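Every number for a ligand or one of its atoms is a count from 1 in the order of the listing. Values reported hereafter were calculated over all heavy atoms of this structure, with side chains retained and with hydrogens, waters and symmetry mates removed. Worth saying up front: this structure is predicted, and the values here are computed from it rather than measured.
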Amino acid sequence: MRRKLAAGNWKMHGLTDALAEVKALTDAHPDPDVDLLLCPPATLIAQMAWARGTHALQIGGQDCHAEQAGAHTGDIAAAMLKDAGASHVIVGHSERRADHAETDADVAAKAAAAHAAGLIAVICIGETLDQREAGHALAVVTAQLQGSLPEGATAANTVIAYEPVWAIGTGRVPTLDQIGEVHGTLRAALRDLMREASGVRLLYGGSVKGANAAEIFSVPDVDGALVGGASLTAADFSPIVTALENA
Ligand code: PGA
């Protein structure tokens with residue numbers, strides 16, 4: 001059985017006052033029936049770890065460097081995220097792939113660094129609209145999965161997030177059949193790539209809201225969501241958490 005995961009990616013949003021949302025969220029879900037993860041900007045990780053108190057909320061970074069330390073101004077090592085209170089780190093988000101020209105090999109190296117530091121890597125993959133319209137979505141995500149999964153990936157240290165680029169922040173969501181087709185394809189591909197493939201959690205991400213969460217969570221092989229905009233406030237994120245608990 002895979003434990004479901006509701007993950008929030010705050011991206012480049014949030015100052016100290018946003019921690020009030022963490023309190024509201026943990027108050028609304030004192031003992032959640034699913035794993036709850038928030039990935040704030042790195043500047044808020046330590047404060048969020050303090051703010052959660054004894055709550056089971058998990059905290060993640062949004063990126064890490066592939067090396068453990070070195071002359072890399074502005075970058076953050078996985079061990080630093082862990083030291084600040086993180087247990088997870090997102091790697092290979094499409095915004096990083098686009099803004100920083102990260103390749104699958106870069107993403108695999110970052111995921112390996114996350115594992116070496118004892119973090120769970122949330123590896124993101126997803127096709128562009130052009131790729132989907134050309135009929136290449138399944139081939140693209142399968143190749144990204146193969147290229148982005150490091151040696152040593154296990155069900156315990158790796159989560160995969162399928163995020164079609166054209167669905168992120170756009171309000172456009174694939175059909176449930178399209179989501180199911182991709183997740184089924186990824187599950188089968190994982191079986192060829194690693195042991196324990198059936199234990200790896202597959203998240204869907206891209207314009208998940210309270211209003212569409214329940215139907216998305218009804219799709220087989222969807223083990224939760226990676227949520228951007230709707231994770232910024234407890235009012236928006238809480239219904240998604242509840243929908244996942246009820247799935
Ligand atoms: P969105 O972002 O929920 O705002 O579409 C999802 C993501 O980028 O993880």
Side-chain angles (χ1 to χ4, degrees), residues 4-14 18 21 25 34-42 44-45 48 57-64 81 86 88-102 107 110-111 114 119-129 131-132 137 140-141 144-145 148 158-176 178-179 182-183 186 201-217 219 222-244 247:
K4 296 188 185 300
L5 171 60
N9 170 13
W10 281 12
K11 310 191 180 184
M12 201 170 72
H13 298 285
E21 299 298 335
L25 184 69
V34 298
D35 283 350
L36 207 53
L37 168 68
L38 284 180
C39 301
L44 286 181
I45 290 174
M48 191 178 280
L57 173 71
Q58 298 174 313
I59 300 169
Q62 299 176 9
D63 175 53
C64 66
L81 297 171
H88 294 61
V89 61
I90 298 169
V91 292
H93 191 281
S94 63
E95 288 153 13
R96 300 265 343 155
R97 291 177 185 261
D99 293 355
H100 300 273
E102 291 184 6
V107 176
K110 288 174 180 229
L119 295 180
I120 296 171
V122 180
I123 300 174
C124 300
I125 56 178
E127 82 285 359
T128 64
L129 190 57
Q131 289 166 332
R132 172 153 294 271
V140 166
V141 296
Q144 285 181 332
L145 181 69
S148 306
T158 302
V159 173
I160 305 297
Y162 166 56
E163 300 203 303
V165 177
W166 50 275
I168 294 175
T170 60
R172 280 187 75 181
V173 179
T175 65
L176 301 186
Q178 287 172 326
I179 295 173
V182 172
H183 279 236
L186 292 175
R201 289 176 293 181
L202 294 179
L203 308 184
Y204 168 78
S207 295
V208 177
K209 312 275 178 231
N212 61 18
E215 59 176 23
I216 291 171
F217 297 148
V219 176
V222 172
D223 303 311
L226 180 55
V227 183
S231 72
L232 291 173
T233 65
D236 286 339
F237 197 38
S238 178
I240 296 172
V241 174
T242 301
L244 189 59

key: Aromatic plane relationship, Tyr162 with His183 - under 30° parallel, 30 to 60° tilted, over 60° perpendicular   = perpendicular
Going by the atom numbers of ligand 1, which of them fall below 4.0 Å from some non-hydrogen atom of [X]?
X	value
Glu163	6 (C), 7 (C), 8 (O), 9 (O)
Lys11	2 (O), 7 (C), 8 (O)
Gly206	5 (O)
Asn9	9 (O)
Gly229	1 (P), 3 (O), 4 (O)

Test item: [X] and [Y] side chains (from C-beta on) under 4.5 Å apart, heavy atoms:
X	Y	result
Phe217	Ile240	yes
Cys39	His93	no
Val227	Asp236	no
Tyr204	Val182	no

With the threshold set at under 4.0 angstrom, would you say His93 reaches ligand 1 through any of its heavy atoms?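 A heavy atom of His93 does come that close to ligand 1.
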Consider every N or O of [X] and every N or O of ligand 1, then say whether any pair is closer than 3.5 Å.
X	answer
Gly169	yes
Ile168	no
Gly228	yes
Ser207	yes

Val159 and Leu37: CA distance, side-chain angles, deciding distance, side chain to side chain contact (heavy atoms under 4.5 Å, CB included) verdict: CA-CA 12 Å; Val159 173; Leu37 168 68; over 6 Å; no
- request: In sequence, state the C-alpha distance, the side-chain angles, and the governing distance for Leu226 and Ile90, and then conclude on side chain to side chain contact (heavy atoms under 4.5 Å, CB included).
  value: CA-CA 10 Å; Leu226 180 55; Ile90 298 169; 4.2 Å; yes
